[in-house]
Amino acid sequence: MEHPENNQEYKGLAVNRGIEQPASVNPYLKAQRKAKRRTLSVAEFVEGILQGNVTILSQAVTLVESVKPEHQSIAQEVIEKCLPYSGNSVRVGISGVPGAGKSTSIDVFGLHELQKGGKLAVLAIDPSSERSKGSILGDKTRMEQLSVHPDSFIRPSPSAGSLGGVARKTRETIILCEAAGFDKIFVETVGVGQSETAVHSMVDFFLLIQLAGTGDELQGIKRGIMEMADGIVINKADGSNVDKAQLAATQFRNALHLFPAPDSGWTPRVLTYSGFYNLGVKEIWDMIDEYIAFVKENGYFDYRRNEQSKYWMYEAINEHLRDSFYNNEVVKSMLADKERQVLEANLTSFVAARNLLDAYFAELKK
Ligand code: GDP
């Protein structure tokens with residue numbers, strides 16, 4: 001139909017008919033791009049990982065971290081097939097409060113270890129990442145030298161879900177990395193509490209980075225965290241800070257004496273170092289090597305890994321049950337109301353919980 005504005009009344013204002021536009025994208029390229037985005041099969045993932053292909057490893061980790069059920073089912077199959085090829089690594093947990101010097105230290109520790117050969121994966125568990133959208137390891141440049149090293153793989157913390165969920169994904173990522181030939185694994189976490197327990201439950205050696213000079217070294221640190229440490233290292237022992245660092249080390253040594261002897265039979269050590277100036281780093285890794293040799297000899301190495309597997313079985317069950325409960329439609333529809341009743345003191349917490357659980361189990365039976 002002729003456009004109304006082409007009417008004589010609108011003289012001078014001509015509107016042309018539209019013309020057919022050519023395709024905006026070369027159809028050949030379009031097809032190619034599609035092909036690239038195709039998800040690999042389980043067998044392709046496993047083969048790529050076993051060949052040490054880091055691109056495929058990254059894609060597999062992305063599936064591990066995904067909340068989509070179809071991704072999870074592929075991820076779980078890939079993990080299962082990689083499991084027989086995993087385990088051949090030394091896993092070190094590295095914890096410390098923000099500012100303790102974790103990134104600086106991991107960069108130096110990593111290079112020190114890579115000098116001996118092998119491959120290093122740096123993973124993280126950051127419970128705050130959901131809040132701050134990946135504060136820890138979010139920025140790869142935090143580890144300037146490692147991030148460009150051909151034998152390192154740095155992966156930020158998975159960000160979605162509960163601490164338990166985030167930790168499980170990191171643990172599964174360890175399996176994939178090991179199958180890809182990474183024989184040194186660092187798992188970093190911020191020293192703020194529960195995340196240490198999660199890291200402790202997936203590593204062979206737990207290293208706690210501390211700082212001197214705050215005057216309340218021991219007060220600020222939770223007893224439970226200290227008890228988990230296989231080694232405590234006081235960072236920034238450089239310049240005018242050396243004496244203070246040594247004093248802090250003495251305090252930590254004295255405090256450690258008060259704890260019961262760990263099951264490993266190993267006496268945790270306290271060392272001072274400077275990550276920034278690369279002083280005392282060799283001594284830290286000599287200590288870790290000595291520990292690994294010691295616990296492999298006395299059987300604790302395998303015992304701890306078995307205990308960890310057991311722990312993760314229960315964690316997986318707990319996580320699954322929790323998800324199933326909170327995603328249940330009936331539970332979802334009742335939750336806000338029950339919460340309000342508890343807040344208004346019309347219902348005790350226990351009765352409210354019971355009601356919700358009863359409704360959940362009744363729903364399951366249907
Ligand atoms: P993170 O938050 O634990 O990862 O800590 P960073 O590695 O980012 O370090 C925090 C600050 O401490 C940075 O300004 C570093 O330059 C500084 N720093 C780290 N290690 C040392 C060290 O061994 N000596 C000194 N003097 N400063 C350090």
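As the structure lists them, so they are numbered: ligands from 1, and atoms in each ligand from 1.
- Take Tyr85 and apply the ring-ring contact (aromatic ring centres under 6.0 Å, His included) test, not counting sequence neighbours, and it matches no residue.
- The 4.0 Å heavy-atom shell around ligand 1 contains residues Val97, Pro98, Gly99, Ala100, Gly101, Lys102, Ser103, Thr104, Arg142, Asn235, Lys236, Asp238, Ser274, Gly275, Phe276, ordered by chain and number.
- A parallel orientation is assigned to the rings of Trp285 and Phe186, their planes being inclined by less than 30° (bins at 30° and 60°).
- Between Phe294 and Tyr291, the gap from one ring centroid to the other reaches at least 6.0 Å.
- Listed by first and then second residue, the ring-ring contact (aromatic ring centres under 6.0 Å, His included) pairs involving residues 324-364 are Phe325-Tyr360 (not counting sequence neighbours).
- With salt bridges taken as basic N to acidic carboxylate O contacts below 4.0 Å, none links Arg168 and Glu315.
- With sequence neighbours left out, Phe45 forms a ring-ring contact (aromatic ring centres under 6.0 Å, His included) with no residue at all.
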